[in-house]
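Presented below is the structure to which this report refers.
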There are 2 protein chains.
Amino acid sequence: MKLSTRGRYGVKAMFELALHHGGTPVSIKEIAERQNISEYYLEQLFSNLRKAGLVKSIRGAQGGYVLSRPPEEITIADIFNVLEGPIEVSDCITQEMNCSRINYCATRLLWLKISNSINDILNSTTLQDVVNDYNNLQEKTKGKEE
Amino acid sequence: MKLSTRGRYGVKAMFELALHHGGTPVSIKEIAERQNISEYYLEQLFSNLRKAGLVKSIRGAQGGYVLSRPPEEITIADIFNVLEGPIEVSDCITQEMNCSRINYCATRLLWLKISNSINDILNSTTLQDVVNDYNNLQEKTKGKEE
DNA sequence: ACATATCCGAGTAAAATTGTCAATTTTATA
DNA sequence: TATAAAATTGACAATTTTACTCGGATATGT
């Protein structure tokens, strides 16, 4: 069970926007360089993020992207839902007919419990939480750099 | 973010073994029929489960598979670890050098929190829990069948 | 005008997924 | 002892997904 790069890159990119929230737009090029991600690939991700309403774009020179909402109102679940799709622990829920009746209920309940638990975590963590963690770490390592 | 069929099929198969725990061995053919899974595909999964020590095989006629440990001592995490591999939310943890320093700490902490939370759920759910859920549902639906 | 951006759709190589299959070995039982 | 049931192993293959790459169009601050 793993996360694809879409979710990872997406969170990293959104984290960059969160750091600059309130300031000037951040371009894909900047993010791609800072996070070491393919510029063209990021374009696609931002296309999805924009259509989902998580970011706003400013076209033309000096343009870029900004968060549509403050970082504390954007959850990791929001980002994952757009870029990774919903958590599909099992298709048992949508394709009930394929399941033999004998196991249907027991395993379905398990998948439901697992996906609910995962969603709880993702829903309760916001971009602001990630920024706060980052700031705390910056504070702790202050003066320890070479 | 989704689970592959390996994990799903594996849990379903192990659930069948849990139901028969203490009784006669269950063959791959039986499980494949009851759970509507490819017999040949299940072979591969059981090969992994056996090598990991989760099940024991009895070869020859009337043979099959049995759980190596009682159902309450086998967690969903045990099964997933064998069939899906460990939860890799990010390779940031193993390949630290690829991360630009500026984001390294913040997103790594996030991936760590997420994977820990998921592992907590999977570690705390045993095959016996799934069997209990199944029995409870059987109880509730008693007499309601057509 | 021009450089800097987003926007959009198409294509693509590599990897992972989800199987299938054939041949062999083991063993309970008739 | 012969037979059938069943695990064991390793190879192969179709399909899908992933992770990009690219070309051009459109928009806009300077």
Side-chain angles (χ1 to χ4, degrees), chain A residues 1-13 16-17 20 24-33 35-68 80 83-85 88-91 95 98, chain B residues 1-10 12-13 16-17 20 24-33 35-68 80 83-86 88-91 95 98:
Chain A
M1 184 152 66
K2 69 178 183 191
L3 206 61
S4 75
T5 55
R6 289 175 64 87
R8 290 211 299 277
Y9 291 177
V11 169
K12 287 182 175 195
E16 289 289 332
L17 295 193
H20 289 79
T24 55
V26 188
S27 72
I28 282 182
K29 195 170 189 173
E30 286 179 76
I31 296 174
E33 278 170 9
Q35 298 285 352
N36 197 33
I37 300 172
S38 154
E39 193 178 327
Y40 299 117
Y41 193 39
L42 258 188
E43 270 184 13
Q44 291 179 10
L45 305 188
F46 268 101
S47 174
N48 290 327
L49 291 170
R50 186 181 60 84
K51 284 170 187 166
L54 291 186
V55 300
K56 276 186 286 194
S57 64
I58 294 100
R59 299 182 68 163
Q62 269 55 297
Y65 289 92
V66 294
L67 297 181
S68 296
F80 278 11
L83 297 178
E84 300 269 344
E88 285 178 26
V89 177
S90 173
D91 54 2
Q95 298 184 1
N98 281 347
Chain B
M1 186 152 65
K2 69 178 181 190
L3 205 60
S4 75
T5 56
R6 289 175 64 87
R8 289 211 300 277
Y9 290 177
K12 287 183 175 193
E16 288 288 332
L17 295 193
H20 288 80
T24 56
V26 189
S27 71
I28 283 183
K29 195 170 189 176
E30 286 179 74
I31 296 174
E33 279 170 6
Q35 298 285 352
N36 197 31
I37 300 172
S38 155
E39 193 179 329
Y40 300 116
Y41 192 38
L42 260 187
E43 276 180 6
Q44 291 180 14
L45 306 189
F46 268 100
S47 175
N48 291 327
L49 291 169
R50 186 181 60 84
K51 284 171 186 165
L54 291 186
V55 299
K56 275 186 287 193
S57 64
I58 292 101
R59 297 182 69 161
Q62 269 55 290
Y65 290 92
V66 294
L67 297 180
S68 295
F80 278 11
L83 297 178
E84 301 267 346
E88 285 177 26
V89 176
S90 173
D91 54 2
Q95 298 185 359
N98 281 346

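These figures come from a predicted structure and were not determined experimentally. To find a chain, count down the sequence lines: A is the first, B the second, and so on, and within it residues start at 1.
- Atoms CZ (Arg6(A)) and C1' (dT16(D)) sit 15 Å apart, rounded to a whole Å.
- Between the side chain of Ser4(B) and the main chain of Arg6(B), a donor-acceptor pair closer than 3.5 Å is present.
- The shortest heavy-atom contact between Ser27(A) and Gly63(A) is CB-O, 4.1 Å.
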Can you give one letter per nucleotide of nucleotides 8-14 of chain D, going 5' to 3': B for a protein heavy atom under 4.0 Å from the base, S for sugar-phosphate only, - for none? BB-B---
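- For Ser4(B), a side-chain nitrogen or oxygen approaches OP1 or OP2 of dT18(C) to under 4.0 Å.
- What you find for Leu3(B) and Arg8(B) is that their closest heavy atoms are O-NH1, 3.3 Å.
- Ring geometry for Tyr9(B) versus Tyr41(B): interplanar angle over 60°, hence perpendicular rather than tilted (30 to 60°).
- Each of Ile58(A) and Tyr41(A) lies near DNA chain D, and the nucleotide nearest Tyr41(A) is the one positioned closer to the 5' end.
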Please lay out, stage by stage, how Leu42(A) and Leu45(A) fare under the test side chain to side chain contact (heavy atoms under 4.5 Å, CB included). CA-CA 5 Å; Leu42(A) 258 188; Leu45(A) 305 188; 4.1 Å; yes
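- Between Glu39(B) and Ala32(B), the closest heavy-atom pair is CA-CB, 3.9 Å.
- Atoms NZ (Lys56(B)) and C1' (dT26(C)) sit 18 Å apart, rounded to a whole Å.
- Atom-to-atom, CG of Leu3(A) to P of dA19(D) comes out at 9 Å; the value is rounded to the nearest Å.
- The CD-P distance, from Gln62(A) to dA27(D), rounds to 19 Å in whole Å.
- The interatomic distance linking Leu83(B) (CG) with dA16(C) (P) rounds to 17 Å, in whole Å.
- An OP1 or OP2 oxygen of dT20(C) is reached within less than 4.0 angstrom by a side-chain nitrogen or oxygen of Ser38(B).
- If you measure from atom CG of Leu17(A) to atom C1' of dT6(C), you get 14 Å, rounded to the nearest angstrom.
- One interatomic measurement links the two molecules: CD of Glu39(B) to P of dA5(D), which rounds to 12 Å at whole-angstrom precision.
- In this structure, Leu42(B) atom CG and dC21(C) atom P are separated by 15 Å, rounded to whole Å.
- The main-chain N or O of Gly7(B) is found under 3.5 Å from a side-chain atom of Glu84(B) such that the two form a donor-acceptor pair.
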